[in-house]
Amino acid sequence: MTRAALPVRAAPSTALADPPASLPSARGRGSRTAVRRVLAPTLAAVVLVGAWEVVARTSGLPEFVLPAPSQVAAAGVESAPLLGLHIATTLTEAALGLVLGAVVGLALAVLIAAFPVVADTVYPLVTLTQTVPTVVLAPLLILWAGFGLLPKVLLVALTVFFPVLVAAVTAMSDVDGAHVDMVRGLGGRRWNQFWLVRLPAAVPGAFGGLRVATTYVIGAAVVSEYLAGTSGLGVFIQRSRKSYDVDQILVAVVVIAVLTGALFLLVDALGRLATPWRRASR
Amino acid sequence: MTTSPDVRVRGLSVAYGSLAVLADVSLRVAPGEFVAVVGPSGCGKSTLLRVLGGLLPAGARVRADELALPVGPDGRAATAWMPQGDSLLPWRRAWANVLVGARIAGVPRDVADGRARALFDEFGLGGFERSWPHELSGGMRQRLALARTCLPQRPVLLLDEPFGALDALTRRRLNAWLASVSLGSAGGASAAVVLVTHDVDEALLLADRVLVMSDRPGRVVLEVPPRSDQSARARVLSALGVDLPALA
Ligand SMILES: Nc1ncnc2c1ncn2[C@@H]1O[C@H](COP(=O)(O)OP(=O)(O)OP(=O)(O)O)[C@@H](O)[C@H]1O
Ligand SMILES: [Mg+2]
């Protein structure tokens, strides 16, 4: 890897020394950087997985402690038909919770921005409640809301709610005073200022918060499934643990990572769609 | 629209903390009248325009013997203020930005669209309707901001250096357009205009009355009607402390 990177790093100094010769190398730099960006981490991953495979096979550790990647892959193929339903359950909880948390967070942010009274009374309280990690509330939620979908959706929503709220509130209060003045200077009332300036200004911020929150949602859903439930990746992991199927646990871990990544990309794409003026400036 | 009372300011003083910006400024703008304000940079022209637009900046201390700002039939300020910067909203395309003033004023959609169409063509912005503000030049952004301010056809326009970023030719074209707006020949009722500018010739060409302000704290040191006063140009320049006769 270092060997591949070296000529690229050397290119600027050549460019300084010899301007005419630098032209082709400058043109090649973009694609070479792209290759390095994709190739380097892929290579690193391959090396790591390879090392794991070697260690697992040669160390003599039993399979229920450290299965080799090839065994994990085999377990994945084997449990694939079973996994579908679990994935569907976890994804449903995560997606519903994500939407619920984002909608409630944004709605409260709007109320806070529109009514100073709400800002003064509710915002400090909400901030205070964040000293309680949401995962800690899972047993309570199950007690109150039963063993079904609801407590899990609520837990995910609670996890999403706060980052979205804070990001949106911050964006709306940091709004450019010149824009607000412009609206006022055209006769705009508070209401106009809100619709024309504060609300649109909150969209990029809210999506920033949502992007952060998205990386937690699958995890939050899985943790709530550890405690109760009959279906979901958390349930699958618990069952595998009881039967010492470490390879299956690892399969679930990979699936969770992939789902989290996919969800993140989806939210990121939605964010770009919702803020086309920023996309154009990139 | 025709019944809009005039702008009346008497003995206006503004200070930011211990910094006196305006001292004892008096000003009266009758309906349909065109008043230009010139003065050295930092003398408080923008501050004066903000006061007229009802936009007292936070932290400013304002005292006045009289401060009457016209109010329209809808209960909103009858003024339309154009800031020195364009303040276009980055999340609205050029077309939607121009419609901001109309939306606030509650101008019906089809009427607003028709006026926007005319302004885009008049201001040489045709073809850029769907551009984002950051894709436009400084002069184009300024023209958009002017269009946004004029579109609701408020009876009083408060324009803070609306032509600062324009080339001489475009500037002359928009000068002529603004003169026609003030005369009421651009389709709407005639509007009163308060124009802040650095360009003495622009002020003399367009205005019924030119106000010259002193260095900070700004006060009105000269008020001339350029159309009836042959020596207006010389008097304005000397009040500004410019002795050389500038080239016409
Ligand atoms: N919000 C503010 N807080 C403190 N001081 C301010 C504020 N706005 C303006 N000032 C001060 O008031 C004075 C007048 O400012 P103003 O913008 O009115 O000048 P101006 O005549 O419009 O100048 P220019 O021709 O350069 O635009 C300046 O000295 C400025 O520093
Ligand atoms: Mg100014």
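A, B, ... follow the sequence lines: proteins, then strands. Residue 1 opens every chain. Quick caveat, the model's predicted, so the values are computed rather than measured.
With a threshold of 4.5 angstrom between heavy atoms, A:Val203 does not approach chain B through any atom at all. With a threshold of 4.5 angstrom between heavy atoms, A:Asn192 approaches chain B through side-chain atoms but not through N, CA, C or O. Heavy-atom distances place the backbone of B:Leu88, and not its side chain, under 4.5 Å from chain A. Both the backbone and the side chain of B:Ala80 come within less than 4.5 Å of a heavy atom of chain A.
Annotation for B:Arg117: atom CZ counts as buried by contact number, over 12 foreign heavy atoms lying within 6.0 Å. More than 12 non-hydrogen atoms from other residues, nucleotides or ligands lie less than 6.0 angstrom from CZ of B:Phe120. Counting non-hydrogen atoms of neighbouring residues, nucleotides and ligands closer than 6.0 angstrom, the OH atom of B:Tyr16 exceeds 12 such neighbours. Applying the 6.0 Å contact sphere to CZ of B:Arg103 captures no more than 12 heavy atoms from other residues, nucleotides or ligands. Within 6.0 Å of the CZ atom in B:Phe128, the count of heavy atoms belonging to other residues, nucleotides or ligands does not exceed 12.
Between A:Met182 and B:Asp86, every side-chain heavy-atom pair lies at or beyond the 4.5 Å cut-off. The closest side-chain heavy-atom distance from B:Arg92 to A:Pro200 is not below 4.5 Å.
Once rounded to the nearest 0.5 Å, the distance linking NE2 of B:His134 with CZ of A:Arg278 reads 10.5 Å. Atoms CD1 and CH2, on B:Ile104 and A:Trp195 in that order, are 14.5 Å from each other to the nearest 0.5 Å.
With hydrogens and angles ignored, the 3.5 Å screen pairs a side-chain donor or acceptor of B:Trp91 with a backbone N or O of A:Leu196. One N or O on the side chain of B:Arg154 and one on the backbone of A:Leu186 form a donor-acceptor pair closer than 3.5 Å.
Counting heavy-atom pairs closer than 4.5 Å to chain A, the top residue among B:Ala145, B:Pro90, B:Gly101 is B:Pro90.
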